[in-house]
Amino acid sequence: MIELDVTQEQEIIHEAELFAAQEIRPYVRQIQEQQSIPRSLITAMAEKGYLAAPIPREYGGLGLGAKAYGMLTEVFGKALPAVRSLLTVHTSLVSETLVRFGSPEQKSAWLPKLVSGEWIGAFGLTEPEVGSDAKSVKTTWREEADSYVLNGKKKWITFGHVADVFIIIASQEGRSTAFWVERQFEGVQTEAIEGVMVGGETGLAEIDLHEVRVPKSHLIGRVHEGFEYIVSGALDQGRYSIAWAGLAIAQEALDAMVTYSRKRKQFDQKLSHFQLIRGMIGDAVTKVHAARALCLRAAELREAKDPQAIMETTIAKYFTSKVAVEVANDALQVHGANGISSDYAVSRLYKEAKILEIIEGSSQMQQEMISHYGLKAYYKRGGAV
């Protein structure tokens, strides 16, 4: 496997920044008004290799390491979170899962279509009555002579209304299995979810599966190992992406806060001259730097294939999602009434930040996982009580 050197990765990140500045930022309002990411933009991203940034070069990807992929995620997350969502779902949850758990035949047949953008992928885990309790999916499957038959409903599926393929998690007798389901299969129906606070551009949808026959060649991994391997692995990849997404929003909000405070005048002074405003900026800078350090730490451990990387990724996701909300909130406050106007990015960032505390495991679930780790890692036998 060919690995890129640091200089090559830096060039890719720099090119991505130019791409975002030219192809995304000028069209943010248009994309939001149309409530969809233009297919032309998706195609352009695919041609640059961004949809397959962490995918090994042997499969047509860029082969970026964890750190560079995180930085790429930040670039797109700062420009427009909906575009970053495409990387989180299509790339991290679907394509990386296929690389990790797919058979050689599956990877040869399906990865080229994902890499090229011919197919857009979505991950079907969440259901109307199942969110954080991912082990309790109610979508079922049964085996027949030449296929598996799926029945059930998924909800809150990002890019679900536009995806061409889905990784669907279904259960049998309390144990889950992962299936590769194509939109063209009979019995697959999607319905767009409307009226959401944010994220309308990402094709949020419900997926109805009625007697969907899935070829046996479309089983991902092994029967009954969907949660232990596929879901756990995909959520880890997703949390890593969301960790950098939180950093992206926090950094963008900090940039906006500082820029506005240095330009806006009140009482014949720039806002940046007021002590309370400077205090908010000082806190925001500290939080953003801490968030970046956690993301880089997670990247370092992931590249070293250190088992501790999973927990460090969870910690980074938990922290950056909270920091994104806090910094975006302060940025909006500094903007005053202008902060609630769509003419300023902070109103969008404020809403986008809140979503990160919910997706890929709520902050409360992350707290539970981190506390469980902490109770083991930091217990000193014989220590003072």
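Not measured: the values here are computed from a predicted model.
- In plain terms, the two heavy atoms of Gly339 and Ser347 that are nearest each other are O-CB, 3.1 Å.
- In the displayed structure, Phe19 atom CZ is contacted under 6.0 Å by more than 12 heavy atoms of other residues, nucleotides or ligands.
- Cluster membership for Leu209 and Val214, using ILVMFWY side-chain heavy atoms within less than 4.5 angstrom, is shared.
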Glu96 vs Phe101, side-chain contact (heavy atoms from CB on, under 4.5 Å): CA-CA, chis, key distance, verdict: CA-CA 9 Å; Glu96 284 197 279; Phe101 298 105; over 6 Å; no
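- In this structure, Glu252 pairs ionically with Arg25, as a charged nitrogen and a carboxylate oxygen lie closer than 4.0 Å.
- The two residues Asp164 and Arg39 come nearest to each other via the heavy atoms OD2-NH2, 3.6 Å.
- With a 4.5 Å cut-off on side-chain heavy atoms, Lys322 and Glu357 count as touching.
- Between Phe159 and Phe123, the distance separating the two ring centers is not shorter than 6.0 angstrom.
- A distance-only check finds no donor-acceptor pair linking the side chain of Glu206 to the backbone of Lys155 [under 3.5 Å].
- Listed for the Ser321 side chain is a donor-acceptor partner under 3.5 Å among the backbone atoms of Tyr318.
- For CD of Glu211, the number of neighbouring non-hydrogen atoms (other residues, nucleotides, ligands) closer than 6.0 Å is greater than 12.
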Could you walk me through whether Val137 and Leu125 pass the side-chain contact (heavy atoms from CB on, under 4.5 Å) test, one step at a time? CA-CA 8 Å; Val137 294; Leu125 174 61; 3.9 Å; yes
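- No donor-acceptor pair under 3.5 Å is formed between the side chain of Thr259 and the backbone N or O of Ala256.
- By the criterion of side-chain heavy atoms lying less than 4.5 angstrom apart, applied directly or through intervening Ile, Leu, Val, Met, Phe, Trp or Tyr residues, Leu375 is not grouped with Met365; the two fall into different hydrophobic clusters.
- No option in Tyr148, Trp141, Phe185, Phe179 other than Phe185 meets the ring pair (Phe, Tyr, Trp, His ring centres under 6.0 Å) test with His218.
- A 4.5 Å side-chain heavy-atom check between Thr140 and Gln172 finds every atom pair outside the cut-off.
- Looking at Ser36, its side chain never comes within 3.5 Å of a backbone N or O of Pro38 through a donor-acceptor pair.
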Might you work through the salt bridge (charged side-chain N to carboxylate O under 4.0 Å, His left out) test for Lys138 and Glu127, ending with a clear yes or no? CA-CA 8 Å; Lys138 292 179 171 55; Glu127 298 181 349; 5.8 Å; no
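- Around CD of Glu368, the count of heavy atoms belonging to other residues, nucleotides or ligands within 6.0 Å does not exceed 12.
- Ile120 is listed as a side-chain neighbour of Ile42, based on a closest heavy-atom distance under 4.5 Å.
- Across every non-hydrogen atom of Ser103 and Gln106, the tightest pair is N-OE1, 2.9 Å.
- At distances below 3.5 Å, at least one donor-acceptor pair connects side-chain atoms of Ser232 with backbone N or O atoms of Phe227.
- Between Arg175 and Glu228 there is no salt bridge, since no side-chain N of the basic residue sits under 4.0 Å from a carboxylate O of the acidic one.
- At a threshold of 4.5 Å between non-hydrogen side-chain atoms, the residues Ile55 and Val99 count as touching.
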Quick one: do Glu326 and Lys287 satisfy salt bridge (charged side-chain N to carboxylate O under 4.0 Å, His left out)? Show the steps, please. CA-CA 9 Å; Glu326 293 167 359; Lys287 291 172 182 177; 3.2 Å; yes
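- Side chain of Arg29 to backbone of Ser342: a donor-acceptor contact under 3.5 angstrom is found.
- With hydrogens and angles left out, the side-chain atoms of Tyr350 and Gln333 include no donor and acceptor closer than 3.5 Å.
- Within 6.0 Å of the CG atom in Leu18, the count of heavy atoms belonging to other residues, nucleotides or ligands exceeds 12.
- With contacts defined as side-chain heavy-atom distances shorter than 4.5 Å, the pair Trp156/Val196 qualifies.
- Closest heavy-atom contact between Arg57 and Leu62: NH1-O, 3.3 Å.
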Mind running side-chain contact (heavy atoms from CB on, under 4.5 Å) on Ile168 and Lys154 for me, showing each step along the way? CA-CA 9 Å; Ile168 297 292; Lys154 300 294 181 179; 4.1 Å; yes
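- If you chain together hydrophobic residues whose side chains sit under 4.5 Å apart, Leu247 and Val258 fall into the same group.
- Inter-residue side-chain proximity for Leu64 and Glu9 is flagged as met; some heavy-atom pair is nearer than 4.5 Å.
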Report the C-alpha separation of Glu360 and Lys317 in whole Å, then their side-chain angles, then the decisive distance to 0.1 Å, and conclude whether the salt bridge (charged side-chain N to carboxylate O under 4.0 Å, His left out) test is met. CA-CA 9 Å; Glu360 308 306 323; Lys317 188 273 180 187; over 6 Å; no
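- Taking 4.5 Å as the limit, every side-chain heavy atom of Glu312 sits out of range of all side-chain heavy atoms of Glu300.
- Contact check on Arg302 versus Asp236 returns a salt bridge, with a Lys/Arg side-chain nitrogen under 4.0 Å from an Asp/Glu carboxylate oxygen.
- Summarising the local packing, CD of Gln275 is surrounded by 12 or fewer heavy atoms from other residues, nucleotides or ligands at distances under 6.0 Å.
- A donor-acceptor distance shorter than 3.5 angstrom exists from the side chain of Gln237 to the backbone of Ser92, with no hydrogens or angles considered.
- Using cut-offs of 30° and 60° for the angle between ring planes, the Trp180 and Trp119 rings count as tilted.
- Here Ser95 contributes atom OG and Leu51 contributes atom CG; the two are 8.0 Å apart, rounded to the nearest 0.5 Å.
- Of all heavy-atom pairs spanning Thr88 and Ser241, the tightest one is OG1-OG, 2.6 Å.
- Between Arg278 and Ser261, the side chains place no donor N or O within less than 3.5 Å of an acceptor N or O (distance only, hydrogens not considered).
- Under a 3.5 Å cut-off, the side chain of Thr91 and the backbone N or O of Ala52 do not form any donor-acceptor pair.
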Begin from the C-alpha positions of Leu332 and Asn329 and carry the test side-chain contact (heavy atoms from CB on, under 4.5 Å) through to its verdict. CA-CA 5 Å; Leu332 192 151; Asn329 178 69; 5.7 Å; no
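- Heavy-atom contacts from other residues, nucleotides or ligands closer than 6.0 Å to NZ of Lys107 number more than 12.
- The shortest distance between side-chain heavy atoms of Leu150 and Arg142 does not fall below 4.5 Å.
- A donor-acceptor pair under 3.5 Å links the side-chain atoms of Lys216 to the main chain of Glu144, judged by distance alone.
- Within 6.0 Å of atom NE2 in His210, 12 or fewer heavy atoms from other residues, nucleotides or ligands are found, so the atom counts as exposed in its surroundings.
- Across all non-hydrogen atoms, the minimal contact from Glu23 to Leu41 is O-CD1, 4.1 Å.
- Separation of atoms CZ (Phe76) and OG1 (Thr73) is listed at 9.0 Å; rounding is to 0.5 Å.
- The cluster map of Ile, Leu, Val, Met, Phe, Trp and Tyr, joined by side-chain heavy atoms under 4.5 Å apart, puts Val323 and Met257 in the same cluster.
- A donor-acceptor distance shorter than 3.5 angstrom exists from the side chain of His90 to the backbone of Leu114, with no hydrogens or angles considered.
- Note: the hydrophobic cluster containing Ile358 does not contain Trp244 (ILVMFWY, side chain heavy atoms under 4.5 Å, direct or indirect links).
- One finds the OG1 atom of Thr139 at 9.0 Å from the CD1 atom of Ile207 (value rounded to the nearest 0.5 Å).
- A salt bridge links Lys78 with Asp255: the closest approach of a Lys/Arg side-chain nitrogen to an acidic carboxylate oxygen falls below 4.0 angstrom.
- Dense packing is recorded around CE of Met45, with more than 12 heavy atoms of other residues, nucleotides or ligands lying under 6.0 Å away.
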